[in-house]
*Asks:* 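Structure incoming, see below.
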Amino acid sequence: MKLKAHIGTIIHEAFNRLDISLSSEIQVVPASRVEFGDFQYNGVMKLAKSMGKNPKELALLLASQIDTSGAIAKVEVAGPGFVNIWLNDSWLDGAIGNLFENRFDNFANSLNPETIVVDYSGPNMAKEMHVGHLRSTIIGDSLANLFEFLGHKVIRQNHIGDWGTQFGMLIAYLEEQDSAAYAKLKDLEEFYKLAKTRFDSDTKFANKARDYVVKIQSKDKHCLGLWEKFISISLAHSQEVYDKLGVLLTPKDVRAESFYNDMLPEIISHLEQKNLLTVSDGAKCVFLPEEETPVIVQKRDGGYLYATTDLAALFYRYKTLKADRICYVVDARQSEHFKQVFKVAKLASFVGDETVLEHIAFGTMMDKNGKPFKTRDGGTIKLIELLDEAVSRAKDAIKSKENLKPDELEKLAQTIGIGAVKYADLSVNREANYIFDWDKMLSFEGNTSLYLQYAYARIQSIFSKTQIELNKDKLAIQNELEHRLSILLLSFKEVLLHAAKEATPHTITSYLYDLATLFMQFYESCPILKEGVSPKEQNTRLILAQITADTIAQGLKILGIGVVQRL
RNA sequence: GCGCUCGUAGCUCAGCUGGAUAGAGCACUCGCCUUCUAAGCGAGCGGUCUUAGGUUCGAAUCCUAACGGGCGUACCA
């Protein structure tokens with residue numbers, strides 16, 4: 001059910017009866033205040049203007065033609081031409097009954113499936129994952145989940161950095177240390193530092209490292225072997241983080257930088273053929289109109305750059321993966337880069353004219369004081385350590401910890417702690433910088449994952465106390481909270497569609513928070529299992545509670561967050 | 001210098017592409033547990049939406065400029 005669209009259709013029909021044709025789609029919005037009804041349509045005023053009519057008269061005319069025998073119970077015209085709309089309870093009975101029966105089964109069928117590539121996480125294999133990778137990983141994964149849930153074909157791509165000069169240094173050091181180094185690889189960060197120190201202090205070693213870079217590129221067997229070994233160990237570190245985070249990336253989603261190496265000369269020659277290439281200061285560049293700086297695709301020394309690789313990746317994703325939409329979940333600081341690369345890709349036809357290219361940008365993660373998130377001594381915080389801290393803090397926050405078995409507590413803390421980290425990130429507008437605050441994210445109050453998990457657990461508790469069989473044909477929505485809750489539940493699908501279109505997970509969290517809040521009100525004022533509640537009321541309220549729980553669980557699942565049966 | 005982006009309550013944030021009296025949470029004050037989880041609910045306090053113009057019936061939202069913060073500005077990714 002697309003609720004707003006359905007109401008829009010009814011209004012459209014009313015316009016048809018008046019022989020008024022519309023140029024744009026009808027936009028119905030939730031009423032700004034309770035006394036203005038459930039929804040409102042504000043388009044009359046603009047329309048009246050273009051028709052040279054009095055808005056209030058037109059609104060009244062429209063209202064007289066709106067069908068009030070179905071979804072809409074009542075229409076009122078207010079102010080200069082607002083059309084306020086109330087929905088019909090018995091119609092809601094049917095719609096909720098239908099939602100209860102089919103739940104979210106048909107959410108995936110309602111639009112043309114697209115092939116969507118989501119490029120996210122993309123850690124550099126030379127180092128361990130740190131907090132800088134968190135947002136891309138979390139946001140990207142939730143978007144991939146969302147697209148999948150809506151029936152699209154999603155191709156996750158983990159564009160790991162496995163190529164570049166650092167790897168010469170790292171494998172030279174690896175070779176030198178031999179077996180001892182393998183042990184040290186457990187701490188990649190430490191290993192990198194040691195190799196770097198060696199590189200800076202020993203020119204002989206530095207030369208060897210540079211030599212090894214060239215050797216990897218020329219596919220020297222020995223060096224390639226060392227390199228592969230190194231990458232596989234580093235990738236295992238990342239996988240450990242993904243597993244702990246509960247993101248769905250697996251080794252098969254890895255499409256590393258190095259994968260595109262062989263395509264790079266073709267990219268250059270293709271650009272040449274299209275007459276897009278200019279040699280400037282010895283470098284091969286694409287100059288774009290209205291852009292001050294060119295996109296450099298080949299350095300003076302013949303080396304390629306990340307723009308070249310990105311073009312190759314775009315080409316591959318279009319040509320081989322058949323992508324309709326390609327989403328890059330990457331730090332906002334790279335917006336200039338993507339803007340340019342996308343332009344070049346379109347100009348050079350590396351992608352189709354219709355291919356949607358999006359940079360899903362996000363801001364920097366800051367600490368409580370608004371400074372970049374670092375350790376006390378200014379170093380980067382390892383992601384794995386941050387996640388462990390989240391679980392440990394969650395453990396402390398759980399009230400019932402004394403009553404739980406250790407493994408139960410561990411599991412609960414995982415769900416809560418990791419969920420809190422993810423939710424905190426996903427619940428803010430991704431474009432702005434984001435303030436990471438342990439206390440806030442692990443609070444039960446406000447817009448947090450814990451609040452939603454608590455609402456869910458409360459509902460589970462109700463169902464653990466009753467065996468009543470639910471009957472969707474005996475729904476009888478009547479009081480205000482049942483009515484409002486029903487409408488909110490029916491809005492879920494359009495919320496997801498909107499979030500998918502705009503790539504804004506925070507619109508989902510806002511919705512879920514509103515839902516949980518409304519449910520809490522409902523819970524306080526609409527008793528279910530208490531004395532004096534009629535079977536009919538019980539049936540209705542239990543069904544609403546059930547759908548609420550399922551909606552919270554499903555919404556959180558899309559965000560990559562779990563629920564718990566008890567708290 | 002040029003470009004991008006942000007500026008909403010003391011703090012952290014929403015505001016659905018122009019609508020009615022700008023909303024939440026935290027903090028602070030005050031109410032509500034013999035009955036489904038009080039990790040909850042209700043009420044109060046708190047705003048010249050950075051500023052100045054413009055567009056129009058109507059602007060936090062769109063346009064222009066200024067101020068302030070963040071970021072980016074050709075051979076790193």
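What you see is a predicted model, and the numbers here were worked out from it, not measured in a lab. Residue numbers start from 1 in every chain, and the chains themselves are labelled A, B, ... in the order their sequence lines are given, proteins ahead of strands.
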*Asks:* Using only side-chain N and O atoms of A/Gln521, determine if any of them is under 4.0 Å from OP1 or OP2 of B/rG42.
*Replies:*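 Affirmative; the distance criterion is met.
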*Asks:* Scan nucleotides 67-69 of chain B against the protein and return all N/O pairs shorter than 3.5 Å with their distances rounded to 0.1 Å.
*Replies:*
none

*Asks:* Closest approach to the side chain of A/Phe82, judged atom by atom: which nucleotide of B/rA20, B/rA77, B/rU37 is it?
*Replies:*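 That would be B/rA20.
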*Asks:* I'd like a table of atom pairs between the protein and nucleotides 15-17 of chain B - only N or O on both sides, under 3.5 Å - with the distance next to each one.
*Replies:*
residue	atom	partner	partner atom	Å
B/rG15	OP1	A/His506	NE2	3.1
B/rU17	O4	A/Glu502	OE1	3.2

*Asks:* Heavy atoms under 4.0 Å is the rule here; annotate nucleotides 23-35 of chain B 5' to 3' with B where the base is hit, S where only the sugar-phosphate is, and - elsewhere.
*Replies:* -SSS--------B
*Asks:* May I ask you to say whether A/Asp439 pairs ionically with A/Lys368, meaning some side-chain N is under 4.0 Å from a carboxylate O?
*Replies:*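 A salt bridge is present here (some side-chain N lies under 4.0 Å from a carboxylate O).
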*Asks:* Output all residues satisfying side chain to side chain contact (heavy atoms under 4.5 Å, CB included) with A/Glu408, sequence neighbours left out; order by chain, then residue number.
*Replies:*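 Counting only residues at least two positions away or on another chain, A/Glu408 forms a side chain to side chain contact (heavy atoms under 4.5 Å, CB included) with A/Leu404, A/Lys405.
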*Asks:* Return all side-chain donor-acceptor pairs below 3.5 angstrom for residues 514-525 of chain A, not counting sequence neighbours, or 'none' if the list is empty.
*Replies:*
residue	atom	partner	partner atom	Å
A/Thr517	OG1	A/Tyr513	O	2.7
A/Ser525	OG	A/Gln521	O	3.2

*Asks:* Is A/Asn84 side chain donor-acceptor paired with the B/rA20 base, going by distance under 3.5 Å alone?
*Replies:*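 Yes, the side chain and the base share a sub-3.5 Å donor-acceptor pair.
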*Asks:* Please identify each residue that fulfils ring-ring contact (aromatic ring centres under 6.0 Å, His included) with A/Phe199, with sequence neighbours left out.
*Replies:*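 Applying ring-ring contact (aromatic ring centres under 6.0 Å, His included) to A/Phe199 gives none.
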*Asks:* Taking only the side-chain heavy atoms of A/Leu529 (C-beta and beyond), determine which of B/rC36, B/rG40, B/rC13 contains the nearest atom.
*Replies:*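 The answer is B/rC36, which lies nearest to the side chain.
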*Asks:* If you look only at pairs with a residue in residues 411-432 of chain A, which of them pass as a salt bridge (Lys or Arg N to Asp or Glu O under 4.0 Å), with sequence neighbours excluded?
*Replies:*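 Salt bridge (Lys or Arg N to Asp or Glu O under 4.0 Å) check on residues 411-432 of chain A returns A/Arg135-A/Asp425.
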*Asks:* Can you name the salt bridge (Lys or Arg N to Asp or Glu O under 4.0 Å) partners of A/Asp331, sequence neighbours left out?
*Replies:*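 Salt bridge (Lys or Arg N to Asp or Glu O under 4.0 Å) list for A/Asp331, sorted by chain: A/Arg333.
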*Asks:* Got a donor-acceptor contact below 3.5 angstrom from the A/Gln340 side chain to the A/Leu288 backbone?
*Replies:*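 The answer is no, because no donor-acceptor pair under 3.5 Å joins these two groups.
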*Asks:* Given B/rC36, B/rC4, B/rG1, which nucleotide is nearest the side-chain atoms of A/Tyr523?
*Replies:*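 For the A/Tyr523 side chain, the nearest candidate turns out to be B/rC36.
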*Asks:* Choosing from B/rU73, B/rC36, B/rC13, which nucleotide comes nearest the side chain of A/Ile435?
*Replies:*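 Nucleotide nearest to A/Ile435's side chain: B/rC13.
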*Asks:* Go through the structure and list residues passing salt bridge (Lys or Arg N to Asp or Glu O under 4.0 Å) with A/Asp200, not counting sequence neighbours.
*Replies:*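 A/Asp200 satisfies salt bridge (Lys or Arg N to Asp or Glu O under 4.0 Å) with A/Lys196 only.
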*Asks:* Taking only residues two or more places apart in sequence, or in another chain, which ones meet A/Lys395 in a salt bridge (Lys or Arg N to Asp or Glu O under 4.0 Å)?
*Replies:*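 Testing A/Lys395 for salt bridge (Lys or Arg N to Asp or Glu O under 4.0 Å), a comparison that skips the adjacent residues, returns A/Glu410.
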*Asks:* Taking only Watson-Crick and G-U wobble pairs with both distances under 3.5 Å, what dot-bracket line describes RNA chain B, where [ ] shows pairs that cross earlier ones and | shows pairs with another strand?
*Replies:* (((((((..((((.....[...)))).(((((.......))))).....(((((..]....))))))))))))....
*Asks:* Enumerate the salt bridge (Lys or Arg N to Asp or Glu O under 4.0 Å) contacts for residues 52-63 of chain A, please, sequence neighbours excluded, ordered by first and then second residue.
*Replies:*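 The answer is none; no pair qualifies.
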